[in-house]
Amino acid sequence: MKVIAHRGYSAHYMENTLLAFEKAIEAGVDMIETDIRLTADAVPVIFHDDTLKRLCGQTGSVESCTFKQLPPLKPLAGKITESSAVPIPTLQSLLEQAQNRSALILEIKDRTHAPQLIASVIGELVKDKTAWVEISSFNDKILRAFHESFPNITLHQLLSDPKDLEREAFEAFYDYADVFDVDIALLDHPKTRELLQKRRVIFWTVEDEEPVQFSQAYAAMSNDPLKLKKMLNAF
């Protein structure tokens, strides 16, 4: 089973920073998951939240700022960071850091820009890296835009609502999806169990669940990937 670091090694290090990604690589993860948004001038950067408040202490959003206007990240309590003011990383910086060292799953969080623009900007950056860069999203319109423009990119459909699992014509609706990334809370849903038998399934976010519960999955994602690796090794 593959081990995926959720926002890097985010259990101990400031999430979605180059330090968190470096520590995840050093921990021997198979993949790193991170979050991507476009700035107002369409620069892809790594940032999870809809607003800047929690991570930067300011109003506004990534999408409302140009790249030059982005504030630095502020340290979060209990998280290790390189300094008291860390720049919001660009996608380009992560691609350079991870190449030949770790595969990536880029979760597209941006819902401000048009799906076609998002797919175009990010797709152009990763179209020659499809062996180790994959795309995920909750938003089917964004994933369809990637599928139409860059059909060779592996696409992950994120699922956290039972209603999405119970959708009529499930397979036809999600025909673009190569992988289903399912909330661990939906582990026992009948559709999850069905998907485990015939599709690649990734569970997120695994913390203290016993490996026997998710042993059929293609991969598991955790904030503490080293802990997850040890759990799997002991299983």
Original post:
Between Leu94 and Pro89, is any pair of side-chain heavy atoms under 4.5 Å apart?
Top reply: no

**OP:** Establish whether Tyr218 and Val133 are linked, either directly or via other cluster members, by ILVMFWY side-chain heavy-atom contacts under 4.5 Å.
**Re:** no

Original post:
Are Met31 and Val3 linked, directly or through other ILVMFWY residues, by side chains that come within less than 4.5 angstrom of each other?
Top reply: no

Subject >> For the student: nearest non-hydrogen atoms of Pro115 and Ala145, plus distance >> reply: O-CB, 3.6 Å

Original post:
Is there a side-chain contact between Glu207 and Asn223, using heavy atoms and a 4.5 Å cut-off?
Top reply: yes

Subject >> Interatomic spacing from CG in Leu155 to CG in Asp140 - rounded to 0.5 Å >> reply: 12.0 Å

Original post:
Just by distance, do the side chain of Glu33 and the backbone of Ala5 share a donor-acceptor pair under 3.5 Å?
Top reply: no

Name each donor-acceptor pair under 3.5 Å that joins a side chain in residues 225-235 to protein atoms two or more places apart or in another chain, with its distance.
{"from": "Lys227", "atom 1": "NZ", "to": "Asp208", "atom 2": "OD1", "distance (Å)": "2.6"}
{"from": "Lys229", "atom 1": "NZ", "to": "Gly28", "atom 2": "O", "distance (Å)": "3.4"}
{"from": "Asn233", "atom 1": "ND2", "to": "Lys229", "atom 2": "O", "distance (Å)": "3.2"}

Original post:
What is the minimum heavy-atom distance between Pro87 and Leu73, and which atoms define it?
Top reply: O-CD1, 4.0 Å

**OP:** Quick one: sort the Phe170 and Phe180 rings into parallel, tilted or perpendicular, breaks at 30° and 60°.
**Re:** tilted

Original post:
Does the side chain to side chain donor-acceptor pair (under 3.5 Å) test come out yes or no for Tyr176 and Glu148, once each step is laid out?
Top reply: CA-CA 9 Å; Tyr176 53 80; Glu148 290 167 6; over 6 Å; no

**OP:** Answer whether the closest heavy-atom distance between the side chains of Leu125 and Gln92 falls below 4.5 Å.
**Re:** yes

Subject >> Chi angles and distances behind the side chain to side chain donor-acceptor pair (under 3.5 Å) call for His113, Glu63 >> reply: CA-CA 8 Å; His113 294 87; Glu63 293 87 345; 5.7 Å; no

Subject >> Stepwise side chain to side chain contact (heavy atoms under 4.5 Å, CB included) check, Phe138 with Arg111 >> reply: CA-CA 10 Å; Phe138 284 102; Arg111 294 197 179 194; 3.6 Å; yes

Original post:
Can you tell me if Asn16 and Thr34 form a side-chain donor-acceptor pair at under 3.5 Å?
Top reply: yes

Original post:
Heavy-atom distance under 4.5 Å between the side chains of Phe47 and Leu70, does that happen here?
Top reply: no

Subject >> Presence of salt bridge, Lys191 and Glu166, under 4.0 angstrom >> reply: no

**OP:** Among Arg54, Lys79, Lys23, find the one that has a salt bridge (Lys or Arg N to Asp or Glu O under 4.0 Å) with Glu15.
**Re:** Arg54

**OP:** May I have the step-by-step check of side chain to side chain contact (heavy atoms under 4.5 Å, CB included) for Thr130 and Phe150, ending in yes or no?
**Re:** CA-CA 10 Å; Thr130 57; Phe150 303 95; over 6 Å; no

Original post:
Distance-only, no hydrogens or angles: does the Gln213 side chain make a donor-acceptor pair with backbone N or O of Glu210 under 3.5 Å?
Top reply: yes

**OP:** Give me the one residue out of Glu134, His147, Arg200 that meets side chain to side chain contact (heavy atoms under 4.5 Å, CB included) with Asp178.
**Re:** Arg200

Subject >> Verdict with supporting geometry, Asp50 and Arg37, salt bridge (Lys or Arg N to Asp or Glu O under 4.0 Å) >> reply: CA-CA 9 Å; Asp50 290 336; Arg37 296 177 181 273; 2.8 Å; yes

Subject >> Path from Phe173 to Leu158 over hydrophobic side-chain contacts below 4.5 Å >> reply: no

**OP:** For Lys198 and Glu194, run salt bridge (Lys or Arg N to Asp or Glu O under 4.0 Å): C-alpha distance rounded to whole Å, both residues' side-chain angles, the deciding distance at 0.1 Å, then the answer.
**Re:** CA-CA 7 Å; Lys198 59 184 181 180; Glu194 179 186 328; 2.9 Å; yes

Original post:
Does Lys2 NZ have over 12 foreign heavy atoms under 6.0 Å away?
Top reply: no

**OP:** Check for a donor-acceptor pair, side chain of Gln157 on one end and backbone N or O of Val179 on the other, with a separation under 3.5 Å.
**Re:** no

Original post:
Between Ile202 and His156, is a side chain to side chain contact (heavy atoms under 4.5 Å, CB included) present by the stated rule, with each step listed?
Top reply: CA-CA 9 Å; Ile202 294 172; His156 298 234; 3.5 Å; yes

Original post:
Rounded to the nearest 0.5 Å, how far does CG of Leu196 lie from OG of Ser215?
Top reply: 9.0 Å

Subject >> Side-chain donor/acceptor of Asp30 to backbone N/O of Ile4, under 3.5 Å >> reply: no

Original post:
How long is the span from the CG atom in Leu19 to the OG atom in Ser83, to the nearest 0.5 Å?
Top reply: 10.0 Å

Original post:
Measuring from Leu106:CG to Ile153:CD1, what's the distance to the nearest 0.5 Å?
Top reply: 9.0 Å

Subject >> Nearest non-hydrogen partners of Asn139 and Ser137, listed with the distance >> reply: N-OG, 2.9 Å

Original post:
Is Arg199 reaching over with its side chain to a backbone N or O of Ala177, donor-acceptor style, under 3.5 angstrom?
Top reply: yes

**OP:** Under the side chain to side chain contact (heavy atoms under 4.5 Å, CB included) rule, what do Leu55 and Leu76 come out as? Steps first, then yes or no, please.
**Re:** CA-CA 7 Å; Leu55 295 168; Leu76 293 178; 3.8 Å; yes

Original post:
Less than 4.5 Å apart, any side-chain heavy atom of Val62 and any of His48?
Top reply: no

Original post:
Atom CD in Gln216, atom CG in Leu195: separation rounded to 0.5 Å?
Top reply: 11.5 Å

Original post:
Same cluster for Ile142 and Leu117 if Ile/Leu/Val/Met/Phe/Trp/Tyr side chains link at under 4.5 Å?
Top reply: yes

Subject >> Derivation and outcome, side chain to side chain donor-acceptor pair (under 3.5 Å), residues Asp41 and Thr39 >> reply: CA-CA 5 Å; Asp41 50 347; Thr39 62; 2.6 Å; yes

Original post:
How many angstroms lie between CD1 in Ile46 and NZ in Lys109, if you round to the nearest 0.5 Å?
Top reply: 14.0 Å

Original post:
Can you hop from Trp204 to Phe214 via hydrophobic side chains spaced under 4.5 Å?
Top reply: no

**OP:** List the atom of Ala11, the atom of Asp224, and the distance in Å for their closest heavy-atom pair.
**Re:** CB-CB, 3.7 Å

Original post:
Any ion pair linking Glu22 and Arg101 (charged N to carboxylate O, less than 4.0 Å)?
Top reply: yes

Original post:
Is a side-chain N or O of Gln97 found less than 3.5 angstrom from the main chain of Leu18, in a donor-acceptor match?
Top reply: yes

Subject >> Min side-chain heavy-atom separation Leu143-Ile135 under 4.5 Å >> reply: yes

Original post:
Which residue pairs pass the ring-ring contact (aromatic ring centres under 6.0 Å, His included) test with at least one member in residues 6-39, sequence neighbours excluded?
Top reply: Tyr9-His12, Tyr9-Tyr13

Subject >> Any Leu95 side-chain heavy atom under 4.5 Å of Leu104 side chain >> reply: yes

Subject >> Nearest atoms (heavy-atom pairs only) where Val201 meets Ala217 >> reply: O-CB, 3.5 Å

Original post:
Is there a donor-acceptor contact under 3.5 Å from the side chain of Ser136 to the main chain of Ile105?
Top reply: no

Subject >> Any side-chain heavy-atom pair of His189 and Pro162 under 4.5 Å >> reply: yes

